[in-house]
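Data block below; observations after.
These numbers were taken from a predicted model, which means no experiment stands behind them.
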Amino acid sequence: WFLVQFFGNMLLAAYTAIIPDRVPVYQRGATQAILGLISPLVMIVGAYYLGRVADFRAGYYPVIAILIACNALFVWRYREPRLPPAAAPPFRLAAFLSSFWINPRRQSDFGRAWLAWLLLWTGYALGTGGFVFLYVQNVTGYAALFPGRTVQEAMAQIQIAQTAVGAPLMMLAAVLSDRRQRRKPF
């Protein structure tokens, strides 16, 4: 699970970084919202799928294969314009590694945005992945209320409901953001 999350989030970050280079400013909000729909949709499909496989660990192999295939297709089809040789500085490992450090005091907006995303996704993961699962399992007594159904199926239904409510609101915020050319209120 950790490896799928780690590499999946690395890929999502890379795809998000491409948006400013490829998408006009007036469409970036909607494009980001569509890209943002990937996470909840994949979580729904994954919860539904993993709730039905017999061997939970073996169930990740097709997921990994799909990730590899989709990313191979992207790498094969995506064409980045080449920089002139003079524009690219010579490669130095120390400079490359130091480029990953961002000083939160100097780039305070980035630090706040990073912290907000960390807290948002940590809360979402703990809330929907941990607390809600335990609540559905222990407090509601889902298995007793719905014999033959699993708590994993209930979690998939909850994620479907979250996405059904959240996706239209996210797209509405994206359209309003694009029209007003402002990102902060949204």
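- Of the N and O atoms on the side chains of Tyr135 and Gln137, not one donor lies less than 3.5 Å from an acceptor on the other residue.
- Annotation: the span from Ile66 atom CD1 to Asn71 atom CG amounts to 12.0 Å, rounded to 0.5 Å.
- Taking the side chain as every heavy atom from C-beta outward, Ile18 and Phe74 approach each other to under 4.5 Å.
- Residue-environment remark: OH (Tyr61) stays at or below the threshold of 12 foreign heavy atoms within 6.0 Å.
- Atom CG of Leu67 and atom OH of Tyr60 lie 11.5 Å apart (nearest 0.5 Å).
- Hydrophobic clustering of Ile, Leu, Val, Met, Phe, Trp and Tyr side chains at less than 4.5 Å, counting indirect connections, unites Tyr142 with Val139.
- Closest approach of Arg79 and Trp76 over heavy atoms only: NH2-O, 3.0 Å.
- Looking at Arg22 and Gln27, their side chains never come closer than 4.5 Å, going by heavy atoms from C-beta outward.
- Of all heavy-atom pairs spanning Ala58 and Pro62, the tightest one is O-CD, 3.4 Å.
- Cluster membership for Val132 and Val165, using ILVMFWY side-chain heavy atoms within less than 4.5 angstrom, is not shared.
- Thr140 and Leu145 get closest at one heavy-atom pair: O-CD1, 3.2 Å.
- Connection of Phe100 to Phe91 is established within a shared hydrophobic cluster, with ILVMFWY side chains joined at heavy-atom distances below 4.5 Å, either directly or through further cluster members.
- For the residue pair Gly59 and Val63, the shortest heavy atom distance occurs at O-CG2, 3.8 Å.
- Here the side chain of Ser98 pairs a donor or acceptor atom with the backbone of Ala95 at under 3.5 angstrom.
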